[in-house]
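The next block holds one structure in the form of structure tokens; read it before the comments.
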Amino acid sequence: MFTQKRQAAGQRKLHSIFVTPAERSLGGIIEIGKSRYGFDFSPQTVGLKDRRPVLQGRVTVTSPAGRKRTIEGVEAALLSSQGSITAPPPAPDTLKQAAQRLERSLPATDWTDETSSVAAVFLKLSPLAGRSLGVPLDMGAVQLNVRFYTTTMTERNLHWLFSNLVFATMSDSPDEKLAGDYISEINRMLKA
């Protein structure tokens, strides 16, 4: 009979959390057996670290009993993104001039390069203490899997801005000035 050595007693690891936009936050659920913990990452600022977008904010976890616990100063650094096959959301009204798309002589058959948007982004959270949040898991290396399913104007505007920030920083020809403009607008919206 094949047997496997049991791991030394320790906490199980939480590897990733699926989240979607909830106005200016990213919300999801952590399920442990039959217990469900609400998860919320509320970015307060965005900036660049090593030329990659990094969000900084607070994580709040709501226990199955309804108790909320929060950790401030959590960072979420962009690991990668996945492009969308659908049209990007419309540009925010405050950026209509900056949002001019390139004119093409041929019809566009897909949404690529400067006409693209992100469908999902993958963010690495700074190490979290699961016990401090009331979660009986090791949360030292958690990835947020963000799916941009937007339903409000605020969510669509932030989606457009973040898509363009990713393109400005991660494309073959990064544009730091443009990235700075998008960061300023995202930070303005996060404080609104």
Side-chain angles (χ1 to χ4, degrees), residues 13-32 35-50 52-82 84 89 92-95 117-166 168-170 179-192:
K13 291 184 184 239
L14 178 61
H15 296 281
S16 65
I17 304 170
F18 173 78
V19 293
T20 57
E23 281 300 301
R24 290 170 181 81
S25 295
L26 301 170
I29 301 288
I30 300 169
E31 291 186 355
I32 306 169
S35 298
R36 294 169 55 99
Y37 296 76
F39 178 89
D40 180 81
F41 176 62
S42 298
Q44 295 163 326
T45 61
V46 66
L48 294 179
K49 186 183 277 186
D50 299 325
R52 288 183 173 266
V54 176
L55 293 86
Q56 186 173 38
R58 83 174 63 81
V59 165
T60 301
V61 172
T62 306
S63 73
R67 182 172 179 201
K68 292 186 179 192
R69 296 182 185 189
T70 300
I71 295 178
E72 301 282 345
V74 177
E75 286 190 351
L78 180 69
L79 292 172
S80 65
S81 66
Q82 177 182 339
S84 177
D93 289 335
T94 56
L95 293 177
S117 67
V118 294
V121 293
F122 307 95
L123 306 169
K124 180 173 177 56
L125 290 179
S126 53
L128 299 172
R131 289 191 195 278
S132 296
L133 291 167
V135 178
L137 297 173
D138 176 352
M139 297 179 70
V142 175
Q143 175 178 301
L144 283 187
N145 302 326
V146 183
R147 173 70 171 101
F148 283 103
Y149 178 73
T150 58
T151 57
T152 69
M153 187 59 71
T154 298
E155 293 168 5
R156 281 189 285 279
N157 289 346
L158 286 168
H159 178 200
W160 186 92
L161 287 161
F162 203 75
S163 291
N164 284 279
L165 175 59
V166 168
T169 57
M170 306 303 293
D181 293 343
Y182 295 135
I183 287 170
S184 294
E185 186 63 15
I186 292 170
N187 287 330
R188 186 193 67 74
M189 287 192 69
L190 292 175
K191 289 176 178 34

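Everything numeric in this text was worked out from a predicted model, so none of it was measured.
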Check whether any side-chain heavy atom of [X] sits under 4.5 Å from a side-chain heavy atom of [Y], and report yes or no.
X      : Y      : result
Arg52  : Met170 : yes
Lys191 : Thr45  : yes
Phe148 : Leu158 : no
Leu55  : Phe41  : yes
Leu144 : Phe39  : yes
Ile30  : Ile17  : yes

Please identify each residue that fulfils side-chain hydrogen bond (donor to acceptor under 3.5 Å, both in side chains) with [X], with sequence neighbours left out.
X      : answer
Thr151 : Glu155
Arg36  : Glu31
Thr60  : Thr70
Thr169 : none

Can you give me every donor-acceptor pair (side chain of residues 128-141, partner residue at least two apart or in another chain, under 3.5 Å) with its distance?
residue : atom : partner : partner atom : Å
Asp138  : OD1  : Gly140  : N            : 2.8

Measuring from [X]:[atom1] to [Y]:[atom2], what's the distance to the nearest 0.5 Å?
X      : Y      : atom1 : atom2 : result
Met189 : Phe162 : CE    : CZ    : 13.5 Å
Arg156 : Leu161 : CZ    : CG    : 13.5 Å
His15  : Asn145 : NE2   : CG    : 12.5 Å
Thr20  : Arg147 : OG1   : CZ    : 10.0 Å
Tyr182 : Ile186 : OH    : CD1   : 9.5 Å
Gln56  : Leu190 : CD    : CG    : 12.0 Å

Donor-acceptor contact below 3.5 Å, side chain Ser63 vs main chain Ala65: yes
His159 side chain to Val118 backbone, donor-acceptor under 3.5 Å: yes
More than 12 heavy atoms of other groups within 6.0 Å of Tyr149 OH: no
Donor-acceptor contacts under 3.5 Å from residues 71-81 side chains, at least two apart:
residue : atom : partner : partner atom : Å
Glu72   : OE2  : Arg58   : NE           : 3.2
Glu75   : OE1  : Lys49   : NZ           : 2.9

Closest heavy-atom pair and its distance - [X], [Y]:
X     : Y     : answer
Pro53 : Leu48 : N-CD2, 3.7 Å
Arg67 : Arg69 : NH1-NH2, 2.6 Å
Pro43 : Ser25 : CD-CA, 4.2 Å

